[in-house]
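As a basis for the values below, the full set of heavy atoms in this structure was taken, side chains included, without hydrogen atoms, waters or symmetry mates. Remember, it's a predicted structure, so these values are computed and weren't measured experimentally. One-based numbering, in listed order, for ligands and for the atoms of each.
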Amino acid sequence: MSAEIDPVKLMKQEVAKAAADRVKSGTIVGLGSGSTAAYAIEFLGNRLQSGQLKDIQGVPTSFQSEVLAKQYGIPLTTLDATDHIDVAIDGADEVDPQKNLIKGGGAAHTREKLVDSLATQFIVVVDSTKLVEHLGSTFLLPVEVLPMAISPVMRAIEKLGGKPELRMGVRKAGPVITDQGNMVIDVKFESIANPAELEKTLNNIPGVLENGLFVGVTDLVLVGEVKDGKPVIREF
Ligand code: 5RP
């Protein structure tokens, strides 16, 4: 009996490959975080190794993407050493019809927003399960917070109508600690009517580093879908 292929994994791989294929030689590439971005990093490494792609440098958005880039032979640079990023490829937890996002499922949204928003072209790679009509309908909104500010920030978020919970580690006792040494609060909002306003309001709470709303940052969304058993890529 043939092994079952996981359709979500297949969609992630195909969409990541489609994005990696768009990267041109000689460019600076923002390297996203999460499982879909990880496939994109792997495919970029494959293209470099085969000689199809030359002279790229990556700017990682997390320890995860830094480790993967080293593993797949992608030279790295920093925001001190380069004054631009040509293209960034990153995943998302939710994408709305205006291409606004919720990110931060991997607690990497602070660096992701920095790198993705600096890119001349920001390409989002998702499987079709990530498409929503309204942000916040399937995924809690991650907010990175200074450890000493957890209680006041939670109270401020409750006043805004959100239900905050501290993200706890898996196979790690205690809270998740971000790559910057902070903690993450995941917030349930009944509805996010105005993502642009909420993004600013949350970032104005003292002690908040960054939240996972990415508004007006995305240039292109590549969506992986399985149709009639075959993976197809759609863009919007
Ligand atoms: C990490 C992220 C990821 O890009 C997002 O969680 C999507 O991950 P995946 O591709 O594994 O579904 O924002 O902070």
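Among protein heavy atoms, the minimum distance from atom 12 (O) of ligand 1 is reached at Lys130 NZ, 2.6 Å. Protein heavy atom at the shortest distance from atom 11 (O) of ligand 1 is Ser35 OG, 2.5 Å. For atom 10 (O) of ligand 1, the closest non-hydrogen atom on the protein side is Thr36 OG1, 2.6 Å. Residue, atom and distance of the protein heavy atom nearest to atom 5 (C) of ligand 1 are Asp93 OD1, 3.2 Å. Among all non-hydrogen protein atoms, the one lying nearest atom 3 (C) of ligand 1 is Ser33 O, 3.3 Å.
Contact annotation: for Asp90 versus ligand 1, heavy atoms closer than 4.0 Å belong to the side chain alone. The proximity of Ala107 to ligand 1, defined as any non-hydrogen pair under 4.0 Å, is limited to the backbone.
A heavy-atom separation below 4.0 Å is found between Gly104 and ligand 1.
With a 6.0 Å cutoff to the six-membered ring centre and a 45° limit on the axis angle, Lys12 does not count as a cation-pi contact of Tyr39.
Taking any N or O of Ala37, backbone or side chain, none lies under 3.5 Å from an N or O belonging to ligand 1.
In this structure, Lys113 pairs ionically with Glu199, as a charged nitrogen and a carboxylate oxygen lie closer than 4.0 Å. Using a 4.0 Å cut-off between charged side-chain N and carboxylate O, Lys130 and Glu94 make no salt bridge.
Listed by number with element, the atoms of ligand 1 under 4.0 angstrom from any heavy atom of Lys103 are 2 (C), 3 (C), 4 (O), 13 (O). Residue Gly91 approaches ligand 1 through these ligand atoms, each under 4.0 Å from one of its heavy atoms: 4 (O).
There is no side-chain donor-acceptor pair under 3.5 Å between Asp219 and Gln121. Side-chain atoms of Glu225 and Ser128 include no donor-acceptor pair closer than 3.5 Å.
Under the 4.5 Å side-chain heavy-atom criterion for grouping Ile, Leu, Val, Met, Phe, Trp and Tyr, Ile233 is connected to Ile123 within one hydrophobic cluster. Put simply, Leu140 and Val184 are part of two different groups of oily side chains (I, L, V, M, F, W, Y) that touch within less than 4.5 Å, one to the next.
More than 12 heavy atoms of other shown residues, nucleotides or ligands fall within 6.0 angstrom of atom CD in Glu158.
Here atom 7 (C) of ligand 1 lies nearest to Ala92 when heavy atoms of Gly105, Ala92, Gly34 are compared.
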